[in-house]
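Beneath this line is the structure, given in structure tokens, with notes to follow.
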Amino acid sequence: MSTEEQPVEPATDVTSLYREVDRAEWAALAPGVPNPLTETEVVQLRGIGDRLDLAEVREVYLPLSRLLSTYAENTKRLGGEVSSFLREPDATTPFVVGVAGSVAVGKSTIARLLRELMSRWPGTPRVELVTTDGFLYSNEELERRGIMHRKGFPESYDRRALVRFLTDVKSGAAEVRAPFYSHMRYDIMPDAHVTVRRPDVVIVEGLNVLSPPPTPNDVAVSDLFDFSIYVDADADDIARWYVHRFLALRQGAFSNPNSFFKVFADLSDAEAVDTAMGYWNDINLPNLRENVEPTKHRATLVLNKAADHTVESVLLRKL
């Protein structure tokens, strides 16, 4: 039989790895848990176009916070038991949560919300949020490599630096620094850093945090996670949210004279829509299809969003 005639192996069905919980069932999993956030705080947390409100927090994110608390407590307890078994001092490491998903899907809002909810757990743990934008190569380096047009694709990140950062955090280093990315300048700021000092919880948010390692001998970023979340939605809905966000930024952040995107501030509505769709179709959609979406099955939990940005169901990985 020739190579052309070889039968194609069917793709593995990974849906059986998860239990699906619809929104009503999920909302019932945190009965009586008080919402620690005010309406004003929720408004301040949500991103452009997000529909986050008190009902969404109560029905979706309070149960998620309760589940994360269960995972964190049991991870800490297991670490203590292993230390006892080895007759070593208990050196509890931070609980690390990864949040992945497409551009404009709302993962940054979710990461910020989880930081607030988790920091209000009993004992008031110290929760740090780190975005992988800080581990993008500088624009100068991207230009040198000829991949400026692929900013946001896996090869545009200093993956080894991110792995080193998380390894140092997990090992209990007293202070670990991450590069700082300016969305206004659209570049790494060489004289600024994000400093993390022995947190109890670290949330790592980014497009490609669930990507497998480039070679079998490398460590994947997700190998250092204790729990991971993928924020999912239909690509057409995400495209619409992306355009809406672009239009909103054109009237706000893009009008700042220091903004990298100030050239877009004077576009007409039609021109802005065409420009946004160009970026979506040429960069963000291919990245979603080729690199981001294929990592969904690596997540512990998947949040499925409806067309109005609300979560309609949850997939939880079976233990």
Side-chain angles (χ1 to χ4, degrees), residues 68 71-101 107-108 110-112 114-115 118-119 125-138 141-142 145 152-181 188-230 291-292 295 297-301 317:
L68 286 168
Y71 268 81
E73 289 171 3
N74 282 281
T75 300
K76 182 176 181 179
R77 180 161 51 248
L78 177 61
E81 292 176 356
V82 171
S83 295
S84 177
F85 172 76
L86 296 173
R87 299 178 183 177
E88 295 177 347
D90 183 7
T92 301
T93 62
F95 184 74
V96 181
V97 179
V99 180
K107 62 185 182 300
S108 297
I110 291 170
R112 290 192 299 268
L114 290 178
R115 177 183 59 189
M118 297 169 82
S119 67
R126 181 185 301 158
V127 183
E128 297 283 0
L129 171 58
V130 176
T131 71
T132 58
D133 292 340
F135 294 91
L136 284 161
Y137 289 115
S138 67
E141 179 64 16
L142 292 173
R145 296 181 179 221
F153 282 67
E155 64 268 27
S156 66
Y157 293 88
D158 188 345
R159 191 195 65 84
R160 291 184 178 178
L162 176 55
V163 169
R164 283 196 303 270
F165 169 81
L166 285 176
T167 299
D168 289 343
V169 170
K170 288 285 282 186
S171 66
E175 181 177 292
V176 187
R177 287 186 171 188
F180 177 77
Y181 183 83
I188 298 295
M189 304 302 290
D191 299 323
H193 296 87
V194 175
T195 303
V196 174
R197 298 183 177 89
R198 287 185 174 167
D200 300 298
V201 179
V202 178
I203 301 170
V204 183
E205 177 259 310
L207 290 168
N208 300 298
V209 295
L210 294 178
S211 296
T215 70
N217 291 330
D218 283 318
V219 175
V221 173
S222 59
D223 288 340
L224 299 166
F225 294 163
D226 297 293
F227 193 98
S228 54
I229 299 165
Y230 184 92
N291 302 303
V292 181
T295 69
H297 72 278
R298 297 171 61 87
T300 314
L301 179 141
R317 191 88 177 238

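A quick note: this is a predicted structure, and the numbers were derived from the prediction, not measured.
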Arg145, CZ: over 12 other non-hydrogen atoms inside 6.0 angstrom: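 Above 12, so yes.
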
Lys170 atom NZ: more than 12 heavy-atom contacts under 6.0 Å: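 Yes - once you tally the heavy atoms of other residues, nucleotides and ligands closer than 6.0 Å, there are more than 12.
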
Which pair of non-hydrogen atoms, one from [X] and one from [Y], has the smallest distance, and what is that distance?
| X | Y | answer |
| --- | --- | --- |
| Val204 | Leu166 | CG2-CD2, 3.7 Å |
| Pro179 | Phe135 | CD-CE2, 3.7 Å |
| Arg298 | Ser228 | O-OG, 3.7 Å |
| Ala111 | Ile203 | O-CD1, 3.7 Å |
| Asn208 | Gly152 | ND2-O, 3.0 Å |

Any donor-acceptor pair under 3.5 Å from Arg177 side chain to Ala192 backbone: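 No; judged by distance alone, with no hydrogens or angles, the pair does not exist.
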
I'd like to check [X] versus [Y] (side-chain heavy atoms, cut-off strictly below 4.5 Å). Are they in contact?
| X | Y | result |
| --- | --- | --- |
| Ser108 | Glu205 | yes |
| Thr132 | Tyr181 | no |
| Glu141 | Ile188 | no |
| Val221 | Val163 | yes |
| Lys107 | Leu207 | yes |
| Leu114 | Val201 | no |
| Asp218 | Arg159 | yes |

Geometric class of the Tyr71/Phe227 ring pair [parallel <30°, tilted 30-60°, perpendicular >60°]: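 Phe227 vs Tyr71 ring planes: perpendicular.
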
Test item: side-chain donor near acceptor, Glu175 and Thr195, under 3.5 Å: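 Thr195 and Glu175 do not have a side-chain donor-acceptor pair below 3.5 Å.
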
Check ion pair Arg77-Glu73 (N to O, under 4.0 angstrom):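 Result for this pair is no, no salt bridge flagged.
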
